[in-house]
Amino acid sequence: MKKFFSILCTLLFLANFMLAGNADAKIINNLDSTKQKYDYLIVGSGLSGAVFANEAAKKGKRCLVIDKRSHIAGNVYTENIEGINVHKYGAHIFHTSNKKVWDYINQFAEFNNFVNSPIAVYKKELYNLPFNMNTFSKMWNIKTPGEAKRIIEAQVKKSKITSPKNLEEQAISLVGRDIYQKLIKGYTEKQWGKDCKDLPAFIIRRLPVRFTYNNNYFNDKYQGIPVGGYTPIIEKMLESSDVLLNTDYFDFIKKHPDVAEKIVYTGEIDRYYNYQYGKLGYRSLRFETEILDMENYQGNAVVNYTERSVPYTRIIEHKHFEFGNQPKTVVTKEYPAKYNGNNEPYYPINNEENMILYQKYKALADKETDVIFCGRLGEYKYFDMDKVIESTLSLTEKII
Ligand code: FAD
Ligand code: UDP
């Protein structure tokens, strides 16, 4: 029996190790009860948990990182398929204007000079994104910024919107009704499963609007893709921590209530509090990935499908993030999905109703002395990677 158990443990250990494709982070298969208590139990091996672990380890703290998934890295996880680094949870382009964050992430990887310039497909028409002179010129057959501005102004005036109160009004005020109808309404309503009138305006302000012929999706000073993918970055961040995979916090903590002095929780805050005030809203996704026996499928890393009747929002061709010329290609269709409690809560839906509810959970979190909430789900914020790093670094500076 003892022998069987030891073989089982070894197999589990190897399976964990292989699933994570992991060379650096110390993946353990069970806890060594003779070891001292950890300083931190970090729930979630995504970017926020990994940054926290790295900073804590630098200050001599002992961390145990657990994740319910079978691999490290959360949503930035990349996996090598056919020699291509596949972004398993959707396209991840690193961009920031914060030099401190850029220098921080560059300690862990070399970044290439990829610039995200997605294409939007509406029926048989193709447009450049973000909304810029290329988009306006194609939409209205015009050439100059002056012509584009006049058309947008006329459309905004006709809509009688003075202070935009929701995503629809915000979009029309920024780019006019034609672009809203063709490139925003269908995409947004399928992405969020809600009418644009019921969504917060800030979501559309994520995208630049420019009166120059510049297809860069971001306004940030620094941008790129880590050569070799994101998983090695997280491996390096976790190299001084113990990591347990396939481990859900709520089961684990019942068995090991005294495992650490403090808990850093990067999962959903409402779940932590057993939904006592009700459930926060999230949006999920479903990914369909295929290997295609061709060199180049769509000629661009990201192509958006903005019509409502196309069920997916975008197709990602992963090799283009790293300018790959492998003989095959890997593409992923991204389908928006209702969050049902069993799939992943990829996006917090930060509308007014959810934000009121979140404030109640935050009030509980603020009273905690030994539990710290961070990351996209812990802070219930539509954070990009740079903001996750910024927020987690400022947290660690304050508390460790
Ligand atoms: P996560 O990566 O979600 O990590 C949380 C981890 O906690 C997960 O691994 C989860 O399994 C684990 N966990 C949760 N609950 C428990 C529990 N109870 N027990 C154990 N483990 C638990 N940002 C950009 O900057 N650029 C982009 O191009 C970009 N594209 C994106 C595309 C998509 C489709 C999505 C969804 C996000 C994108 N982001 C992008 C945002 C980026 O993914 C996040 O900012 C970042 O991954 C958040 O890291 P995190 O650690 O907070 O969360
Ligand atoms: N959006 C759109 N059309 C597009 C691309 C984006 O209307 O072709 C809107 C949509 O509402 C989306 C938001 O802009 O949710 C933010 O887009 P972003 O690419 O930043 O979304 P993410 O990568 O976070 O899913």
Side-chain angles (χ1 to χ4, degrees), residues 16 19-22 24-28 31 38-59 61-78 88-89 92 94 101 104-105 107-109 226 229-253 256 259-272 282 344-346 348 365 368 370-400:
N16 268 344
L19 279 165
N22 202 299
D24 291 318
K26 243 185 294 146
I27 309 240
I28 57 173
L31 276 184
Y38 289 91
D39 293 303
Y40 291 102
L41 167 65
I42 301 177
V43 182
S45 65
L47 189 59
S48 56
V51 170
F52 194 103
N54 192 259
E55 289 304 297
K58 279 198 299 203
K59 291 178 179 148
K61 305 290 180 193
R62 294 183 63 244
C63 300
L64 172 66
V65 180
I66 62 169
D67 203 301
K68 61 182 175 178
R69 298 189 198 180
S70 60
H71 58 75
I72 58 164
N75 292 339
V76 305
Y77 178 63
T78 50
K88 292 291 276 195
Y89 300 96
H92 277 77
F94 199 94
V101 167
Y104 181 82
I105 197 75
Q107 298 171 74
F108 304 99
Y230 289 90
T231 308
I233 295 184
I234 304 294
E235 283 172 4
K236 285 187 191 143
M237 288 178 174
L238 295 179
E239 71 191 356
S240 303
S241 302
D242 287 345
V243 180
L244 268 178
L245 297 175
N246 304 303
T247 304
D248 192 288
Y249 169 73
F250 298 97
D251 301 327
F252 180 80
I253 202 69
H256 307 281
V259 69
E261 298 287 342
K262 288 185 193 290
I263 293 164
V264 177
Y265 182 87
T266 75
E268 306 99 284
I269 188 167
D270 54 342
R271 184 173 175 214
Y272 183 87
Y282 301 93
E344 291 293 334
Y346 291 107
E368 301 279 0
D370 295 333
V371 189
I372 302 141
F373 292 84
C374 71
R376 218 184 209 205
L377 302 173
E379 295 176 68
Y380 197 66
K381 272 202 188 119
Y382 191 173
F383 271 150
D384 280 332
M385 290 180 278
D386 61 327
K387 298 293 180 221
V388 164
I389 295 176
E390 199 176 284
S391 165
T392 310
L393 284 181
S394 77
L395 181 72
T396 55
E397 275 161 21
K398 227 184 308 166
I399 66 167
I400 304 179

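Note: hydrogens, waters and symmetry copies are ignored here, and every other heavy atom, side chains too, is used.
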Legend entry - Close side-chain approach of Phe94 to Asp386, heavy-atom, < 4.5 Å: yes
Legend entry - Heavy-atom pair of closest approach, residues Ala365 and Ile269: CB-CD1, 4.1 Å
Inset, instruction - Flag the pair Lys26 and Asp242 as a salt bridge only when some basic side-chain nitrogen lies within less than 4.0 angstrom of an acidic carboxylate oxygen. - result: yes
Legend entry - Heavy-atom check, side chain of Val388 versus side chain of Val51, under 4.5 Å: no
Inset, instruction - Drop me the distance from Thr266's OG1 to Ile66's CD1, to the nearest 0.5 angstrom. - result: 9.5 Å
Legend entry - Sub-4.5 Å side-chain heavy-atom contact between Val43 and Ile253: no
Inset, instruction - Answer yes or no: does atom NZ of Lys398 have more than 12 heavy-atom neighbours from other residues, nucleotides or ligands under 6.0 Å? - result: no
Inset, instruction - Please tell me if the side chains of Lys381 and Pro348 come closer than 4.5 Å, counting only heavy atoms from C-beta onward. - result: no
Legend entry - Those residues that, when tested against Asp251, pass side chain to side chain contact (heavy atoms under 4.5 Å, CB included) (two or more places apart): Asp248, Lys254
Legend entry - side-chain contact (heavy atoms from CB on, under 4.5 Å) evaluation trace for Asp270 with Tyr282: CA-CA 11 Å; Asp270 54 342; Tyr282 301 93; 2.9 Å; yes
Legend entry - Gap between atom CD1 of Ile233 and atom CD1 of Ile105 - 0.5 Å precision: 4.5 Å
Legend entry - Test item: Thr392 side-chain N/O and Ile389 main-chain N/O as donor-acceptor pair under 3.5 Å: no
Legend entry - Thr78 side-chain N/O to Thr231 backbone N/O, donor-acceptor pair under 3.5 Å: yes
Legend entry - CD1-CD1 distance between Ile72 and Ile27, expressed to the nearest 0.5 angstrom: 6.0 Å
Inset, instruction - State which residue, out of Arg69, Glu344, Lys88, fulfils the side chain to side chain donor-acceptor pair (under 3.5 Å) condition with Asn75. - result: Arg69
Inset, instruction - Mind running side-chain contact (heavy atoms from CB on, under 4.5 Å) on Ile234 and Tyr77 for me, showing each step along the way? - result: CA-CA 9 Å; Ile234 304 294; Tyr77 178 63; over 6 Å; no
Inset, instruction - Work out which heavy atom in Tyr104 is nearest to a heavy atom in Met237; give both atom names and the distance. - result: CE2-CE, 3.9 Å
Inset, instruction - Kindly compute the distance separating CD1 (Ile399) from OG (Ser394), expressed to the nearest 0.5 Å. - result: 10.0 Å
Inset, instruction - Could you pull out the closest heavy-atom pair between Leu238 and Ala50, with the gap in Å? - result: CD2-CA, 3.8 Å
Inset, instruction - Measure from the side-chain N and O atoms of Thr247 to the backbone N and O of Lys68, and report whether any donor-acceptor pair falls under 3.5 Å. - result: no
Inset, instruction - Using modelled atom types only, decide if a donor and an acceptor are shared between the side chain of Asp67 and the backbone of Leu245 within a distance under 3.5 Å. - result: no
Legend entry - Among Ile263, Val264, Val259, side-chain contact (heavy atoms from CB on, under 4.5 Å) partner for Tyr40: Val264
Inset, instruction - Check the pair Tyr265 / Phe52 against ring pair (Phe, Tyr, Trp, His ring centres under 6.0 Å), numbers first and verdict last. - result: CA-CA 10 Å; Tyr265 182 87; Phe52 194 103; over 10 Å; no
Inset, instruction - Describe, in one word, how the ring planes of Tyr230 and His92 are oriented to each other, choosing from parallel (under 30°), tilted (30 to 60°) and perpendicular (over 60°). - result: perpendicular
Legend entry - Value rounded to 0.5 Å, distance of CG in Asn54 from NZ in Lys59: 10.5 Å
Inset, instruction - Would you please test Phe252 and Leu64 for side-chain contact (heavy atoms from CB on, under 4.5 Å) and show each step? - result: CA-CA 12 Å; Phe252 180 80; Leu64 172 66; 3.7 Å; yes
Inset, instruction - Determine the interplanar angle of the Tyr272 and Phe250 rings, folded into 0 to 90°, and report it as parallel if under 30°, tilted if 30 to 60°, perpendicular if over 60°. - result: tilted
Legend entry - Nearest heavy-atom neighbours spanning Ala56 and Cys63: CB-SG, 3.6 Å
Inset, instruction - For Lys61 and Asp39, indicate whether the former's side chain and the latter's backbone hold a donor-acceptor pair under 3.5 Å. - result: no
Inset, instruction - Identify the two heavy atoms, one from Phe373 and one from Gly378, that lie closest to each other, and give their separation to 0.1 Å. - result: CB-O, 3.6 Å
Inset, instruction - Answer yes or no: is there an ion pair linking Glu55 with Lys58, defined by an N-O contact shorter than 4.0 Å? - result: yes
Inset, instruction - Please answer whether the main-chain N or O of Tyr346 pairs with a side-chain N or O of Arg376 as donor and acceptor at a distance below 3.5 Å. - result: yes
Inset, instruction - Compare every heavy atom of Pro345 with every heavy atom of Leu377, then report the nearest pair and how far apart it is. - result: CD2-O, 3.3 Å
Legend entry - side-chain contact (heavy atoms from CB on, under 4.5 Å) evaluation trace for Asn246 with Ser70: CA-CA 5 Å; Asn246 304 303; Ser70 60; 3.2 Å; yes
